[in-house]
Amino acid sequence: MRAAGCQTIRSEKKSGAKRGSRTELQILLDFLPAGDTLVVTRIDRLARSMKDLQDIVHELKGRGVSLKATEQPIDTGTAAGKAFLDMLGVFAEFETNLRKERQAEGIQAAKARGVYKGGKPRIDPEAVRRLAAEGMRRSHIARQLGISRGTVYRFMPPRAPDTRAPSAGVSREGEGTDADPS
């Protein structure tokens with residue numbers, strides 16, 4: 001990157017397909033002023049889908065920032081570079097989709113052979129129920145076990161509906177009052 005003339009270099013280890021989880025990318029996009037050039041090694045390192053790539057390029061263009069790739073002939077400052085960018089984006093998305101399909105096929109084949117059992121359970125439902133039976137509040141259970149409150153609720157038996165009669169002195173409009181409505 002230094003050889004390409006970059007002054008600021010950022011890298012990200014996350015491989016998420018969603019742009020929102022890529023904090024380094026967002027910091028970089030927020031940082032770039034008009035007239036700068038975003039330099040990446042390859043387009044597939046910048047965006048994981050064609051839509052994401054188009055959104056990033058559109059955002060950069062709107063701010064007056066160009067995009068270059070060091071290992072691919074891409075420069076959004078030229079018509080040929082823009083066309084090549086779109087073609088590579090399509091192929092990158094195609095490759096991602098193929099990878100997902102192969103992974104799903106591999107999982108199905110492993111399940112058919114009986115060797116795929118899924119991930120190890122990380123939560124002990126009995127521990128959740130035991131702590132609840134001991135009277136511990138659900139938010140405390142979540143904190144103690146390192147799980148979310150929603151997960152605690154998922155393992156809890158549903159609460160019985162409140163069948164108690166309304167308490168004395170509570171009056172709902174039109175119900176149980178001796179007052180003359182006129």
Side-chain angles (χ1 to χ4, degrees), residues 8-32 38 40-60 62-63 88-178:
T8 304
I9 299 173
R10 309 283 301 202
S11 66
E12 189 162 55
K13 302 288 188 238
K14 292 188 180 183
S15 61
K18 296 203 175 10
R19 185 172 160 190
S21 65
R22 299 181 63 200
T23 54
E24 287 296 320
L25 173 62
Q26 195 55 52
I27 290 169
L28 183 64
L29 293 175
D30 292 343
F31 172 76
L32 288 166
L38 172 59
V40 295
T41 54
R42 294 186 327 266
I43 292 302
D44 64 335
R45 305 308 307 150
L46 176 64
R48 304 297 192 251
S49 71
M50 190 62 198
K51 168 123 177 50
D52 196 23
L53 178 61
Q54 288 173 336
D55 290 346
I56 291 170
V57 170
H58 182 73
E59 181 179 336
L60 292 173
R63 293 178 41 204
L88 282 177
V90 168
F91 286 117
E93 184 173 2
F94 176 66
E95 182 181 358
T96 299
N97 291 338
L98 282 178
R99 193 176 321 113
K100 285 180 184 176
E101 287 177 9
R102 285 192 303 263
Q103 179 183 15
E105 290 169 359
I107 290 171
Q108 288 299 338
K111 283 181 178 179
R113 291 191 316 268
V115 295
Y116 183 85
K117 308 289 188 211
K120 293 179 182 175
R122 294 177 188 88
I123 301 162
D124 180 10
E126 286 307 313
V128 173
R129 292 184 194 106
R130 181 177 38 79
L131 291 171
E134 292 171 4
M136 185 179 285
R137 294 180 54 184
R138 293 169 188 218
S139 58
H140 292 127
I141 295 170
R143 212 172 298 128
Q144 181 173 334
L145 297 178
I147 58 178
S148 72
R149 274 194 0 233
T151 302
V152 172
Y153 280 93
R154 195 173 327 127
F155 290 119
M156 297 298 299
R159 288 185 176 169
D162 191 4
T163 56
R164 294 178 293 173
S167 60
V170 174
S171 171
R172 294 188 183 107
E173 189 175 330
E175 281 185 25
T177 60
D178 293 330

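What you see is a predicted model, and the numbers here were worked out from it, not measured in a lab. Only this structure's heavy atoms are used, side chains among them; waters, hydrogens and symmetry mates stay out.
Remark: L32 CG to I27 CD1 distance equals 12.0 Å, nearest 0.5 Å. One finds the CD atom of Q144 at 14.0 Å from the CZ atom of R137 (value rounded to the nearest 0.5 Å). Atom CZ of residue R149 and atom NE2 of residue H140 lie 11.0 Å apart, to the nearest 0.5 angstrom. Considering CZ of R63 and CG of L38, their distance stands at 10.0 Å, rounded to 0.5 Å.
Listed by chain and number, the residues in a side chain to side chain contact (heavy atoms under 4.5 Å, CB included) with E101 are L98 (sequence neighbours excluded).
Applying the 6.0 Å contact sphere to CD of E134 captures more than 12 heavy atoms from other residues, nucleotides or ligands. Other residues, nucleotides and ligands contribute more than 12 heavy atoms inside 6.0 Å of the CZ atom of R42.
Looking at T96 and R99, their side chains come closer than 4.5 Å, going by heavy atoms from C-beta outward. L131 has its side chain out of reach of V152: every pair of non-hydrogen atoms, C-beta onward, lies at least 4.5 Å apart. By the 4.5 Å heavy-atom criterion applied to side chains, V128 and I147 are counted as neighbours. Annotation: side chain of L29 is in contact with side chain of I56 (closest heavy-atom distance under 4.5 Å).
At a threshold of 4.0 Å, the pair R129-E126 counts as salt-bridged, since one of the basic side-chain nitrogens sits closer than that to a carboxylate oxygen.
Contact record, A132 with M156: CB-CE, 3.1 Å, taken as the closest heavy-atom pair.
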